[in-house]
Novice: 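So that we are looking at the same thing, I have put the structure below in structure tokens.
Sequence positions, counted from 1, serve as the residue numbers for this chain.
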Amino acid sequence: QLQLVESGGGLVQPGGSLRLSCAATGSEITLDYYAVGWFRQAPGKQRELVATITAGGSTDYGDPVKGHFTISRDNAKNTVYLQMNSLKPEDTAVYYCAAKSFMRTDFDVWGQGTQVTVSS
């Protein structure tokens, strides 16, 4: 069974940077043939799509993070990254990664989340 583990969250000052990692675990399944998305949810707000990357490497971003965040993947490491630059307080949220097989219509495998707090 595919499992995802996020890491890299923490407390940063406005304008700072963080890199989040989403690592696949399990001995039978890898991320190679999955699309992966990063989502975030702040207290009192709806869950928001941050970025996606397909199995072929095509990327897409939510409008609030365009030009500041970059999603990438390293299939050799079974890991997807989210590089977050020029962070703002409104980026504060729990960030989740999720995976979607090409055979599925939804992101249906989710990690536990990692907290990102942007504050001075």
Novice: Applying side chain to side chain donor-acceptor pair (under 3.5 Å), name anything that partners E90, two or more places apart in sequence or on another chain.
Specialist: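 Partners of E90 under the side chain to side chain donor-acceptor pair (under 3.5 Å) test: none.
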Novice: Testing the basics here: between A51 and L82, what is the closest heavy-atom pair and its distance to 0.1 Å?
Specialist: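 Heavy atoms of A51 and L82 come nearest at CB-CD1, 4.3 Å.
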Novice: Over all heavy atoms of both residues, which pair between H68 and S86 is shortest? Give the atoms and the distance, please.
Specialist: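 Distance-wise, the nearest heavy atoms are ND1-CB, 3.5 Å.
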Novice: Got a sec, which residues hit salt bridge (charged side-chain N to carboxylate O under 4.0 Å, His left out) with D108, two or more places apart in sequence or on another chain?
Specialist: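 Checked D108 against salt bridge (charged side-chain N to carboxylate O under 4.0 Å, His left out); matches are R104.
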Novice: When you look at CD of Q112, are more than 12 heavy atoms from neighbouring residues, nucleotides or ligands closer to it than 6.0 Å?
Specialist: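 Not more than 12 within 6.0 Å, no.
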Novice: Provide the closest heavy-atom pair for V36 versus I71 in the form atom of the first, atom of the second, distance.
Specialist: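 That closest heavy-atom pairing would be O-CD1, 3.9 Å.
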Novice: Not counting sequence neighbours, which residues clear salt bridge (charged side-chain N to carboxylate O under 4.0 Å, His left out) with D106? List them please.
Specialist: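 With sequence neighbours excluded, D106 shows a salt bridge (charged side-chain N to carboxylate O under 4.0 Å, His left out) to no residue whatsoever.
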Novice: For residues 38-93, pull every pair meeting disulfide (SG to SG under 2.5 Å), keeping only residues two or more places apart or in separate chains.
Specialist: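 Every candidate disulfide (SG to SG under 2.5 Å) pair involving residues 38-93 fails, so no pair, neighbours aside, qualifies.
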Novice: So if I apply the side chain to side chain contact (heavy atoms under 4.5 Å, CB included) rule between T117 and each of T92, V94, D91, L18, which one comes out positive?
Specialist: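 Only match with T117 under side chain to side chain contact (heavy atoms under 4.5 Å, CB included): T92.
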Novice: Tell me, which pairs form a ring-ring contact (aromatic ring centres under 6.0 Å, His included) where one or both residues lie in residues 88-120, sequence neighbours left out?
Specialist: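 Those involving residues 88-120 are F39-F107, F39-W110.
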Novice: Flag yes if Y81 and W38 sit in one hydrophobic cluster, no otherwise; membership is Ile, Leu, Val, Met, Phe, Trp, Tyr, and two members link when side-chain heavy atoms are under 4.5 Å apart.
Specialist: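 No, it is not one cluster - the side chains of Y81 and W38 are not joined through contacts under 4.5 Å.
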Novice: Do S119 and P89 come within less than 4.5 Å of each other through their side chains, counting heavy atoms only?
Specialist: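 The answer is no; the side chains never approach within 4.5 Å.
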Novice: Find out whether L20 and V116 are in side-chain contact, i.e. whether some heavy atom of one side chain is under 4.5 Å from a heavy atom of the other.
Specialist: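 SC-SC contact between L20 and V116 confirmed.
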Novice: With ILVMFWY side chains joined below 4.5 Å, transitively, what does L11's cluster contain besides itself?
Specialist: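 In the cluster with L11 there is nothing else; it is isolated.
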Novice: Check whether any side-chain N or O of E6 sits under 3.5 Å from a backbone N or O of G113 as a donor-acceptor pair, and report yes or no.
Specialist: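 Present.
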Novice: Sequence neighbours excluded, which residues qualify as salt bridge (charged side-chain N to carboxylate O under 4.0 Å, His left out) partners of K45?
Specialist: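 Per chain and number, K45 pairs via salt bridge (charged side-chain N to carboxylate O under 4.0 Å, His left out) with no residue.
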Novice: Which pairs, with at least one residue in residues 30-39 and sequence neighbours excluded, count as a salt bridge (charged side-chain N to carboxylate O under 4.0 Å, His left out)?
Specialist: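 Sorted result for residues 30-39: empty, none.
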Novice: Show every side-chain hydrogen bond (donor to acceptor under 3.5 Å, both in side chains) that has at least one partner inside residues 50-65, sequence neighbours left out.
Specialist: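 Those involving residues 50-65 are D63-K66.
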Novice: For L2 and Y34: C-alpha separation, side-chain torsions, deciding distance, then whether side-chain contact (heavy atoms from CB on, under 4.5 Å) applies.
Specialist: CA-CA 10 Å; L2 176 66; Y34 288 79; 3.8 Å; yes
Novice: What's the shortest heavy-atom distance between S21 and T79, and which atoms?
Specialist: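 Closest heavy-atom pair between S21 and T79: CB-CG2, 4.1 Å.
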Novice: Got a sec, which residues hit salt bridge (charged side-chain N to carboxylate O under 4.0 Å, His left out) with E48, two or more places apart in sequence or on another chain?
Specialist: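 E48 satisfies salt bridge (charged side-chain N to carboxylate O under 4.0 Å, His left out) with R40 only.
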Novice: Taking the side chain as every heavy atom from C-beta outward, state whether L87 and F69 have any pair of such atoms under 4.5 Å apart.
Specialist: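 Answer yes - side chains close enough.
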Novice: Quick one: side chain to side chain donor-acceptor pair (under 3.5 Å) partners of S17, sequence neighbours excluded?
Specialist: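 Side chain to side chain donor-acceptor pair (under 3.5 Å) check on S17 returns N85.
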Novice: Applying disulfide (SG to SG under 2.5 Å) as the test, list every pair that has at least one member in residues 50-120; sequence neighbours left out.
Specialist: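 Every disulfide (SG to SG under 2.5 Å) pair that includes a residue of residues 50-120, provided the two are not neighbours, is C22-C97.
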